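A short worksheet on the structure shown next.
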Amino acid sequence: MNGTPTIHPPGRALSRRRFLGLAASGGVGLLAAGALSACNDAPLDPAAEAVIDLGSDGGVLNGLYALSQLKGEFANRVVLAPFVGMPAAGVALFTDLREHTTAHVGWFVERLRSRRIYDSLRFDFAAVDMTAAAVVLPRARQLADAVSAAYVDSVVRLRDADTARVVAKMASVHARHAAAVRDLGDVSGTAFAAPEAVDPQTGLERELSLADALEALRPYFHSRLDVRS
Amino acid sequence: MANPEALNRMLRVAYLLDELYARALASATLLPAGTPLRAAVQLVRAHKAGHVAQLLAAGGTLPRPAASAFNFSGGGAPGAAGPFPNTFTQSAELLRVAQLLEDTAVRACKGELDALRGGPALAVAARIQAATARHAAKVRSLRAVPGLKPWITGAAPGAGFSATPVGGRSQAAVAALVYGTPVTAANAPAATPGEDNRVQGPITFPADPRSTEAFDEPMTAEQAAAVATLFLA
């Protein structure tokens with residue numbers, strides 16, 4: 001089955017460019033706005049398998065980079081075409097999710113440079129009815145929970161302390177996202193940290209490794225990811 | 001063997017939050033039965049009790065403080081009047097205190113991850129951080145303050161923190177301890193940044209609120225203690 005091409009509407013590309021019009025503190029000028037997708041040091045063949053070797057820090061970051069692209073894509077689709085009955089607060093929420101994820105993407109690009117997987121991974125939403133709340137909300141919860149757990153795993157796996165420190169900063173934000181997504185439309189008051197997401201006995205975030213998160217979310221990826229543990 | 005000092009610092013904050021919610025739930029009227037507010041606080045409290053147990057199991061040794069050691073008015077010494085006199089009589093005040101302590105807990109936990117690196121307690125701490133971040137997001141949402149998001153925007157605590165000093169400090173001053181002081185060209189990057197930090201390794205993000213929201217900043221042990229000491233001797 002052919003996957004649908006990744007959507008790059010002006011708004012999305014603009015926000016990505018905005019966050020990537022960055023100034024490196026070391027004084028080295030970064031890529032000009034819009035130059036990212038034509039960057040010479042990134043693999044340009046979308047048909048090539050993206051190898052993600054989770055035994056290395058670079059591989060872990062690439063795994064998170066792939067998840068960030070997916071989360072940004074999902075959030076962007078919701079923002080561009082809010083499902084029927086979406087509250088205004090929901091649009092603002094998914095807009096923030098998209099923008100935060102875009103900031104993380106910018107960091108991964110800079111941190112990984114020529115070791116990064118393809119910048120414009122292709123996704124497959126053909127089987128997903130993004131117009132229906134009953135479809136979008138459970139998927140958003142699953143995605144947000146999986147990304148939060150993957151970040152927890154990554155914080156533990158990363159060997160370089162400086163890298164782990166920045167990833168840890170992102171990790172708690174993804175947990176906040178998961179709580180807020182689960183809160184949307186919730187009348188019980190407890191969905192934000194329901195037993196599926198947080199173990200009620202220990203109070204600990206449920207474990208899902210980066211590898212397992214990528215596997216669970218594989219149906220969204222049209223681009224082939226070769227994940228090696 | 002896990003670093004007991006790091007775990008004990010995390011335990012201090014966990015005891016603080018566990019006690020806050022236990023007292024709130026014990027009130028006959030503060031959190032009415034059958035409400036989503038009470039259900040949320042009950043769930044968070046259960047998780048905090050779990051965190052205490054997990055931190056002790058991981059090698060923490062700090063015993064539970066005596067009830068008299070806590071002062072949820074934020075006055076510091078037990079019995080001293082602080083800027084939050086209505087923590088257990090007004091749910092809005094409870095949520096203000098909870099917001100400050102939850103965001104402190106997230107930042108303090110994050111600050112301890114380095115000390116736990118290489119040991120089995122790191123995974124526990126990382127999972128506590130995530131759950132605590134969910135708690136913080138929920139408390140911020142429960143406050144229902146316009147513009148106050150589940151995530152931290154710059155160094156802004158959000159509206160509602162009084163500037164009137166009681167017992168030597170105001171609610172706003174306590175909030176400033178939690179969210180930090182602005183990073184300047186003079187003090188970056190050596191200064192531990194506040195929540196308005198935009199410098200992430202080699203990248204300085206543009207001055208957009210979402211840049212600061214996208215990254216939660218760690219606190220040093222000293223910064224965390226400066227907040228905790230106001231509520232727990």
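Below, read A as the first sequence line, B as the second, and so on, with proteins coming before strands; counting in each chain starts at 1. Keep in mind that what you see is a predicted model, and the values were worked out from it rather than measured.
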Original post:
Non-hydrogen atoms of chain A under 4.5 Å away: do they reach the side chain of Arg38(B), the backbone, both or neither?
Top reply: neither
Subject >> pair Asn197(B)-Lys169(A): side-chain heavy atoms closer than 4.5 Å >> reply: yes
**OP:** Let me know if Ile128(B) has heavy atoms under 4.5 Å from chain A in its side chain, its backbone, both or neither.
**Re:** both
Subject >> Residue among Ala179(A), Ser172(A), Gly203(A), Ala171(A) with most heavy-atom pairs under 4.5 Å to chain B >> reply: Ser172(A)
Original post:
With a 4.5 angstrom heavy-atom cut-off, which part of Gln54(B) approaches chain A: side chain, backbone, both or neither?
Top reply: side chain
Subject >> Lys/Arg N to Asp/Glu carboxylate O, Arg176(A) vs Glu213(B), below 4.0 Å >> reply: no
Original post:
Nearest 0.5 Å, what's the CZ-CG distance between Arg117(B) and Leu158(A)?
Top reply: 7.5 Å
**OP:** Determine, stepwise, if the pair Arg210(B) / Asp96(A) fulfils side-chain contact (heavy atoms from CB on, under 4.5 Å).
**Re:** CA-CA 7 Å; Arg210(B) 273 95 163 237; Asp96(A) 275 1; 3.1 Å; yes
Subject >> Atom pair CZ (Arg182(A)) and NZ (Lys138(B)), whose distance is rounded to the nearest 0.5 Å >> reply: 12.0 Å
Subject >> Portion of Lys149(B) that has a non-hydrogen atom of chain A nearer than 4.5 angstrom >> reply: side chain
Original post:
Just by modelled atom types, is the Ala168(A) backbone N or O under 3.5 Å from a matching donor or acceptor in the Lys110(B) side chain?
Top reply: yes
**OP:** Please examine the side chains of Leu97(A) and Trp151(B), heavy atoms only from C-beta on, and report whether any two atoms are closer than 4.5 Å.
**Re:** yes
Original post:
Are His104(A) and Phe215(B) an aromatic pair by the rule of ring centers under 6.0 Å?
Top reply: yes
**OP:** Identify which part of Ala123(B) has an atom lying under 4.5 Å from any heavy atom of chain A, answering side chain, backbone, both or neither.
**Re:** both
**OP:** Let me see the working for Asp145(A) and Arg134(B) under side-chain contact (heavy atoms from CB on, under 4.5 Å), right down to the final yes or no.
**Re:** CA-CA 11 Å; Asp145(A) 285 346; Arg134(B) 288 179 186 258; 2.9 Å; yes
Subject >> Close side-chain approach of Leu204(A) to His51(B), heavy-atom, < 4.5 Å >> reply: yes
Original post:
Which distance, rounded to the nearest 0.5 Å, do you find between the CZ of Arg157(A) and the CG of Leu122(B)?
Top reply: 12.5 Å
